[in-house]
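Not measured: the values here are computed from a predicted model. Just so it is clear: chains get the letters A, B, ... in the order the sequence lines come, proteins before strands, and each one is counted from 1.
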Amino acid sequence: MTNPNPISRLEYPGSQGANAAPLISPRNYTFLQTYIYRESGIVLDDDKQYLFESRLRPIVIREGLASIDALCDLVATGRSPALATRVIDAMTTNETLFFRDTAIFEVMKTTVLPELIAAAGSRKLRIWSAASSTGQEAYSLAITLLEARIDPSRVEIIGTDLCEQVVERAATGKYVQFEVGRGMPILLLMKYFTKVGLDWQIKPEVRNMVHFQKLDLRGSFAALGKFDLVLCRNVLIYFDATTKEQIIASIAKTILPGGMLVLGCAETLISVDHKYERKVFGHSTFYAVR
Amino acid sequence: MKKALVVDDSRAIRTMLSRILVRYGFEVAQAGDGSEALVVLEQHHGDFDLLCVDYNMPVMNGLELLSEMREQPRFDDIPIMMVTTETQIDFITSALALGANEYVMKPFTDVMVLEKLQTLGLVPYE
């Protein structure tokens with residue numbers, strides 16, 4: 001992975017003038033791309049300077065370092081695994097919101113989940129929110145199940161993410177105003193959250209439906225068991241074609257007969273070798289294993 | 001074209017919200033408080049697809065406007081989105097009881113407004 005483009009001279013706020021320093025040297029840009037790919041499998045293209053800046057600047061400031069270059073030097077020594085983890089966490093945490101692509105949650109509520117729970121018979125329905133970030137998708141699923149009047153004791157939802165910090169945060173079920181303002185319908189907010197000071201705490205009846213754990217999508221999923229429904233949305237785009245194909249194939253092995261995979265609404269399996277069959281419900285696409 | 005009425009005593013907020021709504025295909029009218037909003041509603045015979053209503057306004061606040069609208073059945077069908085800094089449970093409960101359909105907390109961004117418009121079925125999902 002190379003960076004043929006010159007890195008523009010970018011500065012910290014207030015650093016303009018004689019003391020201004022470039023944020024990332026071309027050498028360190030390439031180092032970060034390679035390091036993050038090796039540690040997470042995530043591909044960061046040559047035009048992501050802004051992302052490195054916005055995600056790594058808080059670490060630089062907190063550590064009292066002079067620049068992102070200084071941070072890179074420190075990570076490269078390998079002497080601070082905790083710092084390296086924070087860099088990976090910062091670069092791999094992606095946007096999430098409640099009920100992202102609402103149409104898919106509507107079709108799950110009205111059609112998919114009732115059908116899956118009926119097919120599950122006496123066993124628990126198992127759902128996996130892969131790359132669950134701070135938990136919005138997993139809790140949206142839990143709320144959807146409750147709204148579909150499905151007995152929560154018949155369901156198990158597992159959320160996984162590469163980033164340890166977001167896994168811990170997801171488990172708390174606590175969100176700031178801005179986060180609940182993203183996608184959470186006001187009626188559901190009032191029904192399933194409690195206001196705690198300035199924050200919103202998801203109620204125990206929802207929180208207890210979901211378990212979160214750390215997981216690298218490039219690793220083995222064997223310990224997770226099998227699922228009726230897997231949501232792996234808006235995450236595969238960050239992997240290269242080979243890794244994406246491996247993850248898709250590994251997920252297929254976790255899906256029970258009759259179960260399905262859900263991708264992001266802008267994602268497809270076109271150009272990927274796979275064993276899935278498209279199933280369309282309304283305007284939403286699900287993938288069943290052939 | 002869909003029509004929206006933005007009710008806020010802050011010209012800056014009215015302008016910002018109007019720009020966002022125009023971007024998503026709305027024709028926008030504005031009012032500086034609840035009583036002005038009632039006049040605009042009358043003038044347009046209630047022909048709006050959305051009302052964006054602040055709470056803290058002089059003369060007639062947002063909840064008073066919603067109460068007035070409840071008295072007039074011809075305004076019943078207009079979706080109402082509260083756009084306010086008020087996040088106390090009692091306030092939200094009152095707004096919902098008076099007919100508010102959605103809620104945007106200030107400060108808001110373009111995408112937050114878009115998501116609420118989609119929730120209300122006023123803008124299609126991409």
> Side chain, backbone, both or neither: which part of T87(B) has an atom under 4.5 Å from a heavy atom of chain A?
Replying inline: both
> C52(B) and L21(B): which non-hydrogen atoms are nearest, and at how many Å?
Replying inline: SG-CD1, 4.1 Å
>> Does any backbone or side-chain atom of L189(A) lie under 4.5 Å from a heavy atom of chain B? Answer side chain, backbone, both or neither.
In response: side chain
> Just by distance, with hydrogens left out, do S10(B) and D8(B) show a side-chain donor and acceptor under 3.5 Å apart?
Replying inline: no
> Contact part of T109(B) toward chain A, heavy-atom cut-off under 4.5 Å: side chain, backbone, both or neither?
Replying inline: side chain
> Any chance the side chains of S18(B) and Q30(B) put a donor and an acceptor closer than 3.5 Å?
Replying inline: yes
>> Quick check on L96(B) against chain A: is it the side chain, the backbone, both or neither that has a heavy atom closer than 4.5 Å?
In response: side chain
> Nearest heavy-atom pair of P79(B) and N101(B): which atoms, and what distance?
Replying inline: CA-OD1, 3.4 Å
